[in-house]
A.B. asks: 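Okay, here's the structure, questions in a sec.
Quick caveat: nothing in here was measured; it's all calculated off a predicted structure. As a basis for the values below, the full set of heavy atoms in this structure was taken, side chains included, without hydrogen atoms, waters or symmetry mates.
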Amino acid sequence: MLNLFILMLERVGLIILVAYILMNVQHFKTILTKRQLFSTKVQLIIVFSIFAIISNFTGVAISRDQVVSDQLLITLSADASLANTRALTIGVSGFIGGPVVGLSVGVISGIVRYFQGGEAAFIYVISSILIGLFSGIYGARSMRKNSYPKVKEGMIVGAVMESIQMLCILIFGGHFLASLKLVGFIALPMILINSLGTAIFLSIIDSTLRHEEQTKAVQTHDVLQLANETLPYFRAGMHERSCTEAAKIIMRFIKVSAVSITNQERILAHVGAASDHHIPSNGILTNLSKEVLKSGKIKEAHSHDEIGCDFPGCPLEAAIVIPLRSKGATVGILKMYFTDATKLTFVERQLAEGLGNIFSSQIELGEMELQGKLLQDAEIKSLQAQVNPHFFFNAINTVSALIRVDSEKARSLLIQLSHFFRSNLQGARTNLIPLSKELEQVKAYLSLEQARFPDRYQVNIEVEDGLSEVLVPPFLVQILVENAFKHAFGSRKIDNQIWVDVTKHEQGIQVSVKDNGLGIETERLIKLGKEVVLSEKGTGSALENLNKRLISLFGESGKLQFETSTQGTAVSCTVPYREREE
């Protein structure tokens, strides 16, 4: 029995060796993740049927409780039996592929075993079918969960599968005592060895797939981190500084000898080997790069000649070149170089192709953001540049009337008017100005209005300490004050108070303009800041334009807020805290 145990251990070792080799074949690892497919089942039937046939032919011949042959066995004598690892291969096939695979491998293995001959060979057809069916049913449970039986389960079920074979020998054997004697001789070694072999086979599958998942997880993490770190640079546009930084990051994450990025005409960045002659600002050197720019298709080179660099002694021996696309056009290329051509494999190509798609998306996103920003700036400039012609004509008329009665005051008002319009022009060139400049604009406006309506309005401005250099949108306070002048008080000529307060706030600074006017009707309040509100004293678009600017610059959190009652109205907004850089 000990001799049989050792011989069986050798056979299991052969099967385990083949299994280990098989699990290092990428195609086999791939199909194990698609076990539900019919094509996968066919491939598993073929593979495990070959395993089962090898198990039959490499079995150990036994006659009268003695090992009679451990050579390759094509046929057996009439009184011989066979100890082999057939149950192991059939059981594992069922675990992996389910009932269809297990039953198919069992049938094929049983038929081959039947034609080998020996004593009561038909028994092994029956046992093979039962083992394949039962292991397949057990394996179907794990298939539904997209998993595999655990190693401990495999050991127990493997022992049960071999026990089924022993029962078949006892039940269907012609002579019970002879069958019992045979089982007594082979049962323990075969049950132990096949149980152990099943456990080892499953552990190889489990460890290989687990390693594969861990590798993919690490690669996915690296790719995501790479994409995250390169995003600001590719979004910044295709120029030397941004592309050089992006190339350095790619080199840090990807095992290549050099990384190069070009636009349609010249090299923008080259990091790594051959950087002495692949120099940024130079024209594109390699014929391979020119082909990719022309065709827009990914290309590989596996020799120095295929790369097409004419520089003597260039160490680059292989390359993969990926087009970078934006809006359907090739705007540049990403090149990954290798000084050892064997390093360029299918994995590197897949990775490079994926990165090319990611980087192309980043470049296109950057261009879209730039276009959006230009459009937003153009809209803001258009809104800022709107000047109320009525104010201009009223101011000129006021100055004209004062020239004869108070020339000094008229001169002062002209200076204020020039300040007002100079600030207006400056405000149309920028999105943010210091609060101190905005308040100068407000004071110029107040001087002109109070010259027209002496003592009608009292304006109180309070700014919290340290906020004079905080940046705010141009005309923010001036428009709110002007709106209060025009609409808050109706025809009331006295006790018209306006308070301008600028204070620190959790999200930045809060700008508030409050009046003690008559309040705003509900139906008009709903529309303010959202659409044009028709008015007898203006175009009705000032608050709408201001609100659009605030939302464009700061999002919904920056929009105007209205509070009104018969005691007056307060209009406020929150601006992020940002100071002017010296």
A.B. asks: Hey, are the side chains of Leu344 and His302 touching, using non-hydrogen atoms and a 4.5 Å cut-off?
C.D. replies: yes
A.B. asks: Can you tell if the side chain of Leu480 reaches within under 4.5 Å of the side chain of Leu543, non-hydrogen atoms only?
C.D. replies: yes
A.B. asks: Any side-chain heavy-atom pair from Cys314 and His277 closer than 4.5 angstrom?
C.D. replies: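 Yes, close enough: below the 4.5 Å cut-off.
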A.B. asks: If you round to the nearest 0.5 Å, how far is CD1 of Ile509 from CZ of Arg578?
C.D. replies: 11.0 Å
A.B. asks: Would you please test Arg241 and Glu245 for salt bridge (Lys or Arg N to Asp or Glu O under 4.0 Å) and show each step?
C.D. replies: CA-CA 6 Å; Arg241 188 187 66 80; Glu245 293 300 320; 5.9 Å; no
A.B. asks: Does Arg35 make a cation-pi contact with Tyr148 (under 6.0 Å, within 45 degrees of the axis)?
C.D. replies: yes
A.B. asks: Looking only at non-hydrogen atoms, find the nearest pair between Ile307 and Leu316 and report the distance.
C.D. replies: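 That would be CD1-O, 3.5 Å.
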A.B. asks: Go through the steps to decide whether His27 and Ile31 satisfy the test side-chain contact (heavy atoms from CB on, under 4.5 Å), and finish with yes or no.
C.D. replies: CA-CA 6 Å; His27 177 70; Ile31 67 172; 3.8 Å; yes
A.B. asks: Is it true that a side-chain atom of Ser295 and a backbone atom of Glu291 form a donor plus acceptor pair closer than 3.5 Å?
C.D. replies: yes
A.B. asks: Look at the aromatic rings of Tyr457 and Phe485 and report parallel, tilted or perpendicular, splitting at 30° and 60°.
C.D. replies: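 Taking Phe485 first and then Tyr457, their aromatic rings lie parallel (interplane angle under 30°).
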A.B. asks: Determine, step by step, whether Glu556 and Lys559 satisfy the salt bridge (Lys or Arg N to Asp or Glu O under 4.0 Å) criterion, reporting the C-alpha distance in whole Å, the side-chain angles of both residues, the deciding distance to 0.1 Å, and the verdict.
C.D. replies: CA-CA 6 Å; Glu556 288 293 320; Lys559 67 182 180 181; 3.5 Å; yes
A.B. asks: Which value, rounded to the nearest 0.5 Å, describes the distance between Leu288 atom CG and Lys299 atom NZ?
C.D. replies: 7.5 Å
A.B. asks: Salt bridge (Lys or Arg N to Asp or Glu O under 4.0 Å), that's the test. Do Lys437 and Glu469 meet it? Break it down for me.
C.D. replies: CA-CA 9 Å; Lys437 292 289 184 183; Glu469 295 305 307; over 6 Å; no
A.B. asks: For a quick test of reading the model, state the closest non-hydrogen atom pair linking Val442 to Gln478 and the distance between them.
C.D. replies: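 Smallest heavy-atom distance, with atoms named: CG2-N, 3.6 Å.
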A.B. asks: To the nearest 0.5 Å, tell me how far Glu462 CD sits from Ser512 OG.
C.D. replies: 12.0 Å
A.B. asks: Between Tyr233 and Ala246, what is the shortest heavy-atom contact and its length?
C.D. replies: CB-CB, 4.2 Å
A.B. asks: Given 3.5 Å as the limit, does a donor-acceptor pair link the side chain of Ser242 with the main chain of Met238, or not?
C.D. replies: no
A.B. asks: Let me confirm one number: the CD-CG distance from Gln458 to Asn460, rounded to the nearest 0.5 Å.
C.D. replies: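 These two atoms lie 8.0 Å from each other.
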A.B. asks: Donor-acceptor check, side chain of Ser407 to backbone of Ile403, threshold 3.5 angstrom: yes or no?
C.D. replies: no
A.B. asks: If we only count heavy atoms from C-beta on, is the Val470 to Pro434 side-chain gap below 4.5 Å?
C.D. replies: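 No; the side chains remain at least 4.5 Å from each other.
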A.B. asks: Quick check against the 3.5 Å criterion: does Ser361 have a side-chain atom that pairs as donor or acceptor with the backbone of Asn357?
C.D. replies: yes
A.B. asks: How long is the gap from CG on Asn263 to CG on Leu268, to the nearest 0.5 Å?
C.D. replies: 4.0 Å
A.B. asks: I need the minimum non-hydrogen distance between Ala341 and Ala318, along with the two atoms involved.
C.D. replies: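 Residues Ala341 and Ala318, closest heavy atoms: CA-CB, 3.7 Å.
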A.B. asks: Look at the rings of His278 and Tyr337 and say which category their plane angle falls in: under 30° parallel, 30 to 60° tilted, over 60° perpendicular.
C.D. replies: tilted
A.B. asks: Start with the C-alpha distance between His487 and Ile520, add both sets of side-chain angles, then the distance that settles side-chain contact (heavy atoms from CB on, under 4.5 Å), and finish with yes or no.
C.D. replies: CA-CA 9 Å; His487 306 291; Ile520 305 172; over 6 Å; no
A.B. asks: If you look at every heavy atom in Val481 and Leu446, which pair is closest and at what distance?
C.D. replies: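 Taking every non-hydrogen atom into account, CG1-CD2, 3.9 Å.
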A.B. asks: Distance only, no hydrogens: is a donor on one side chain within 3.5 Å (strictly under) of an acceptor on the other, for Thr564 and Thr569?
C.D. replies: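 Yes, a side-chain donor-acceptor pair sits under 3.5 Å.
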A.B. asks: Which is it for Leu435 and Ser468 under the side-chain contact (heavy atoms from CB on, under 4.5 Å) test, yes or no, and what are the steps along the way?
C.D. replies: CA-CA 5 Å; Leu435 177 62; Ser468 60; 5.6 Å; no
A.B. asks: Pro473 and Leu432: which non-hydrogen atoms are nearest, and at how many Å?
C.D. replies: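 It is N-CD2, 3.8 Å.
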A.B. asks: More than 12 heavy atoms of other residues, nucleotides or ligands under 6.0 Å from CZ of Arg411: yes or no?
C.D. replies: no
A.B. asks: Kindly compute the distance separating CD (Glu464) from CG (Leu467), expressed to the nearest 0.5 Å.
C.D. replies: 5.5 Å
A.B. asks: Taking the side chain as everything from C-beta on, heavy atoms only, tell me whether Ile333 gets closer than 4.5 Å to Ile261.
C.D. replies: no
A.B. asks: Kindly write out the residues that satisfy side chain to side chain contact (heavy atoms under 4.5 Å, CB included) with Gln225, not counting sequence neighbours, or none if the list is empty.
C.D. replies: His221, Glu229, Phe253
A.B. asks: Assess the side chains of Asp340 and Thr342: does a donor N or O sit below 3.5 Å from an acceptor N or O?
C.D. replies: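 The answer is yes; a qualifying pair exists.
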A.B. asks: For Thr339 and Ser257, does a side-chain donor sit closer than 3.5 Å to a side-chain acceptor?
C.D. replies: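 Yes.
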A.B. asks: Before you tell me yes or no, could you show the steps for Arg524 and Glu521 under salt bridge (Lys or Arg N to Asp or Glu O under 4.0 Å), namely the whole-Å CA-CA distance, both residues' side-chain angles and the distance that decides it to 0.1 Å?
C.D. replies: CA-CA 5 Å; Arg524 185 179 293 270; Glu521 301 92 335; 3.7 Å; yes
A.B. asks: Kindly indicate whether the side chain of Leu476, heavy atoms from C-beta on, has any atom under 4.5 Å from the side chain of Val511.
C.D. replies: yes
A.B. asks: Spell out, as yes or no, whether a donor-acceptor pair under 3.5 Å connects the side chain of Ser303 to the backbone of Glu317.
C.D. replies: no
A.B. asks: Just so I know, are the side chains of Asp515 and Gln497 near enough to count as touching, which here means a heavy-atom distance under 4.5 Å?
C.D. replies: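 A side-chain contact under 4.5 Å is absent here.
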A.B. asks: Could you tell me whether a side-chain N or O of Glu300 sits under 3.5 Å from a main-chain N or O of Val321, the two making a donor and an acceptor?
C.D. replies: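 Between the backbone of Val321 and the side chain of Glu300 there is no qualifying donor-acceptor contact (under 3.5 Å).
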A.B. asks: Charged N to carboxylate O under 4.0 angstrom, Lys486 versus Glu482?
C.D. replies: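 A salt bridge is present here (some side-chain N lies under 4.0 Å from a carboxylate O).
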A.B. asks: Examine distances only and state if a side-chain atom of Gln362 and a backbone atom of Ala227 form a donor-acceptor pair shorter than 3.5 Å.
C.D. replies: yes
A.B. asks: Please assess Leu439 against Ile461 for the test side-chain contact (heavy atoms from CB on, under 4.5 Å), listing each intermediate value before the final yes or no.
C.D. replies: CA-CA 9 Å; Leu439 293 180; Ile461 300 176; 4.3 Å; yes
A.B. asks: Quick test of your reading of the model: are Lys527 and Glu523 salt-bridged, counting only N-O distances below 4.0 Å?
C.D. replies: no
A.B. asks: Is a side-chain donor or acceptor of Gln510 paired with a backbone partner of Val502 at a separation under 3.5 angstrom?
C.D. replies: no
A.B. asks: So, do Asp495 and Phe489 sit near enough that their side-chain heavy atoms are less than 4.5 Å apart?
C.D. replies: no
